[in-house]
Structures are given as C-alpha cells and as structure tokens.
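Comments concern the structure below.
Since we're looking at a predicted model, the values are computed, not measured.
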Amino acid sequence: MKKSLLPILSLAFAPVVFATDYTITSTDSAVPQEISSVVANATFVNGSGTSADVYAHIAGDKAMINKGPVVVEENVHLTMDGNFSMNAGTSYINMAKGSSVVVGVGTARGGFVIMGNTKAQSTSTICGSLEINRRMTAGTSSFHADKYIFSVGDARDYTKDNVPYCSPILVLGEGASIKANGVYGAYNSFTKSLNRIEGTSSRLYAATLQVGDAEKGKVAEGALVFDDFLYFVNKTVLTLNSSNAIISGAKVESNTTNKDAGFKNATSQKDSTIFVVGVNAQTDTTVTAGDFTLNSSVANELGTINATSGSTITLVSDLLNVGEAFVLHNLEITADAEGNKSLFLKLNFNEDSSQNMQIENFYELYNADDVILNVEIYDHVKSEFVTGNLNENYMVSQDGWITTVPEPAEWAMIFGAIALAFVAYRKR
C-alpha cells in the first residue's frame, strides 16, 4: 500500500481550535483503520507501540482536515478518497520521515493546499511521501478558485485586524517525495488545475519551497515528480539545498497543445520546465509578470525557466564551492498582451570560480531584437545589486558562463603573474 498524507480545506480566517489525536493501530495495510471524517486540528499518532507501519483510511465527501495544523507521525500511512481537498488551512502540516498520504483515490477529486495565515509566516515540513491524484474542481473556474493539484500559498490578499496575510514556507527534508498525478490542460491555460507555489498579489511575503534542509537532510534526486508543469506565481522563492530533485512536466505530452508547442515529457530536472507568472487578483486569469528567486547552494541543473514578460528572475549560486555550478539550459520570455518581451535578470554568483553559473542561451536573449534584457550583478563589496554592463563589470562566455570583470588592480596582478611566468620560462 502506498504511503500518503491528508487533505485539509479551510478558510484563511478560520478560528483556532484545539488539536485532536487520532491514534492509528492497524498494522495491516489490507485492513486499514477506518476514520469517518476529520474536521479539526489533528495529530495522527502511531499507536503500534513499536513504531511499526500503521494504516488508516478516511472516506466520505466531508473527509477533510480543516482549520489548523496537521501532524503525521513516523510510519503512519493515510489514504483519503472522498470529494475533498488537502489543505493545511491557516496553519501548517508536518509529516515525519516514513509517513505517507495519498489524496484523491479512484474517481474521487483530490488536491493539496498549504495556505498561510494572518499572524506570522508559517513553516511546514514534509519528510514523508505525498501522492495527489485528480484535480480539485470546487468554486469558479478561475486561476485561484480551488483549481489545483499541488499548491503552496494563495494569491488572495487577506487581512485580519489590519495584519496582512503571510505566504507559507514548505521545507522538504530527507525521505520526502511528492507525486502530483495528472495533466488537466494546456501549459498556457490558467483556468486549469495547476501545481503552483503562490505568493499573495501584494507580494509582501514570498511563498517559499525549500528542497532540502541542514537539519532535516537532503531530498533524493528526482523525488518530486509533477506530471503537469510547476508554476511560481507572484513573489516566490525556490531554495535548492538538494541536487536535481524536481521533475516538472513528466507527462505533458499527453496534452495535444503542449505537444504541438514542442514540449517533451521531462525525465529529470535538467530537462524540466518551470513557469514564472503573476496575477493581480483572486478571480483574474490575466497573467502578468512574476518575481522569482532561485537559490542553489549545491550543484544543480535546470532545463527551462519560462517567465512572463516584465518578470524579475534572481539567480543565486554564490554559496557553491569552486568546481560546483548552477546550470540553466534555457531562459525563455513569454510575450505580454502587447507582444513585448522584457526581463529583469539579477545574478549573484561565486566570483572565485570561472564556472559557477551558466545560462546557456544568454547571448541569444541578449542579442535578440525583440527582447529587452536588464541585467544586475551582485556586488559583494557593496552588498547590493548594481547595474550590469557586459564586459565592464561582468563577462559571459559564448556558452553562457558568467563571471565578473577583474578590477584594475586585479588585472595588474594577473598580468604581473603572466609576465613572471614568461620570464621564468625564458630562463629555462
């Protein structure tokens, strides 16, 4: 029996309720413990007494976890097959290593959402296995109205007692895996179900997906598989503390529009595509510019970042060791409604390495007549981004490796070293 996690559907203004313990004792996956419904803060306790695997089944149209934090203890496995969504509501969800949740089994609708709250930016942690099947279709057919497979955050700008809604942070640790099944529409249809990391429209807080953690450990390569594409909406951050863990677009060829547009099924992170977009309001399906930051602290390859015109893309690899690199094979810009293509590109790389950050098609974008590319380079002395002038404060090789231009004193040292080496060679 596959491992799984639970669903939760809740309002951002839900009141706080006390947690309820659900003790799971069945060690037979073929005869799971039956739970009729779950409608409050919940802790799913391993009642085996030996930390053995235990199993529970939650059924019915109202089988949902609602209005608060959810904890799934080690080796607890849950399946849910009612018409519901999995939504950590105004709080967070923690899944221990060895736990699992399957949402939307059979013909049931499914979906998984972690929303933030109006008190503080909350952090959820998953070190277990999550499988999401079938789309959620409740509400109107807009970009935001409960049409999702996997979602962290929400674009709605809630406030409570004049405190703004805070986008959530999801940390994935050792043992984490996500499988989001199904392709429900074309890549450019934003009324379809989506896998998304989504900050609020106001962009006060960034919705964050952190893959790997110093304390919780790293995520295995290829452990996060999204049949459809993964979208980063409004202000978002992707932190990669693990190498090549994400597969975005594993089965997109099953949609004719995707296939005709040239998309191929991804088999690894290095041939995956992620989208960066923005939206202005809850019911607005008009796509605008996004604000996306990718921090890579370990070596990584990514196939394509496809950003709506006007987006800001920040790439950070300055913590990589010499000899390690972040490689982006393709950076694409989708034109806006007026046909414009522009991008704000901010780069922060390890200046001590000549091969630390690569954007393979950099020159193609830089020289394109229909593209406006604004580049900023992080100045480690000033601790700020400064305007990037090609061949003045940064250089790019023909195959896209980005480095800084040495200061005059550094050039003198370089040429001095070359001259000394040449004299030594002549003396020999």
[X] side chain near [Y] side chain, heavy-atom distance below 4.5 Å:
X	Y	answer
S26	V54	no
L172	L209	yes
L373	F344	no
F232	I274	yes
V396	I359	no
L315	I305	yes
K216	T125	yes
T308	V276	no

So that I can tick it off, tell me whether [Y] and [X] are bridged by a salt bridge, with the cut-off set at under 4.0 angstrom between side-chain N and carboxylate O.
X	Y	value
K97	E174	yes
K179	D227	yes
D228	K192	yes

Legend entry - side-chain contact (heavy atoms from CB on, under 4.5 Å), paired with D260, selected from T257, N258, T256: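 Among T257, N258, T256, the one that satisfies the side-chain contact (heavy atoms from CB on, under 4.5 Å) with D260 is T256.
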
Any side-chain donor paired with an acceptor under 3.5 Å for [X] and [Y]?
X	Y	value
N300	S243	no
E324	N356	no
E301	H329	yes
S342	N340	no
E364	N367	no

Inset, instruction - Count the heavy atoms belonging to other residues, nucleotides or ligands that lie under 6.0 Å from CD of E34, then report whether that count exceeds 12. - result: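 It does: E34 CD has more than 12 such atoms within range.
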
Legend entry - Atom CG of L390: over 12 foreign heavy atoms under 6.0 Å: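 Counting other residues, nucleotides and ligands, CG of L390 exceeds 12 neighbours.
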
Please check: side-chain N/O of [X] versus main-chain N/O of [Y], any donor-acceptor pairing under 3.5 Å?
X	Y	value
N295	V316	no
T208	I169	no
S353	V322	no
S124	I93	yes
E376	K346	no
N241	G212	yes
S254	K251	yes

State, to 0.1 Å, how close [X] and [Y] come at their nearest heavy-atom pair, and which atoms those are.
X	Y	value
L194	S189	CD2-O, 4.5 Å
N234	R203	OD1-NH2, 3.4 Å
I247	S272	CA-OG, 3.4 Å
Y184	N181	OH-O, 3.5 Å
G199	A207	N-CB, 3.7 Å
S248	L230	OG-N, 2.9 Å

Inset, instruction - Decide side-chain contact (heavy atoms from CB on, under 4.5 Å) for D379 and I377; before the verdict, give the C-alpha distance in whole Å, the side-chain angles of both, and the deciding distance to 0.1 Å. - result: CA-CA 6 Å; D379 188 317; I377 303 297; over 6 Å; no

First locate atom [atom1] of [X], then atom [atom2] of [Y], and finally report the distance between them rounded to the nearest 0.5 Å.
X	Y	atom1	atom2	answer
N244	S268	CG	OG	7.0 Å
D291	T293	CG	OG1	5.5 Å
K259	N265	NZ	CG	8.5 Å
I197	S167	CD1	OG	11.0 Å
T286	F190	OG1	CZ	10.5 Å
L320	S297	CG	OG	7.0 Å

Inset, instruction - Tell me whether the centres of the aromatic rings in F263 and F229 are closer together than 6.0 Å. - result: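 So the answer is yes for these two rings.
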
Inset, instruction - Determine the interplanar angle of the F226 and F150 rings, folded into 0 to 90°, and report it as parallel if under 30°, tilted if 30 to 60°, perpendicular if over 60°. - result: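 F226 vs F150 ring planes: tilted.
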
Inset, instruction - Classify the ring geometry between F385 and Y378 as parallel (under 30°), tilted (30 to 60°) or perpendicular (over 60°). - result: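 If you compare the ring of F385 with that of Y378, the planes turn out perpendicular.
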
Inset, instruction - Walk me through it: do D318 and N350 pass the test side chain to side chain donor-acceptor pair (under 3.5 Å)? - result: CA-CA 4 Å; D318 66 323; N350 186 342; over 6 Å; no

Legend entry - Partners passing side-chain hydrogen bond (donor to acceptor under 3.5 Å, both in side chains) against E351 (at least two apart in sequence or in another chain):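 H380.
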
Inset, instruction - Could you walk me through whether T25 and T23 pass side-chain contact (heavy atoms from CB on, under 4.5 Å), step by step? - result: CA-CA 6 Å; T25 57; T23 301; 4.1 Å; yes

Inset, instruction - Please report the C-alpha distance between V211 and K218 in whole Å, then the side-chain angles of each, then the deciding distance to 0.1 Å, and finally whether the side-chain contact (heavy atoms from CB on, under 4.5 Å) criterion is met. - result: CA-CA 7 Å; V211 184; K218 294 185 178 181; over 6 Å; no

Legend entry - Pair S317-S296, side chain to side chain donor-acceptor pair (under 3.5 Å): steps then yes or no: CA-CA 5 Å; S317 62; S296 184; over 6 Å; no

Inset, instruction - Check step by step if side chain to side chain donor-acceptor pair (under 3.5 Å) holds for N46 and S48. - result: CA-CA 6 Å; N46 189 329; S48 67; 2.8 Å; yes

Inset, instruction - Apply side chain to side chain donor-acceptor pair (under 3.5 Å) to the pair N330 and E332, showing each step before the final yes or no. - result: CA-CA 6 Å; N330 191 34; E332 293 184 354; 2.7 Å; yes

Inset, instruction - Verify side-chain contact (heavy atoms from CB on, under 4.5 Å) between V371 and I333, making sure each step is shown before the conclusion. - result: CA-CA 8 Å; V371 171; I333 305 172; 3.7 Å; yes

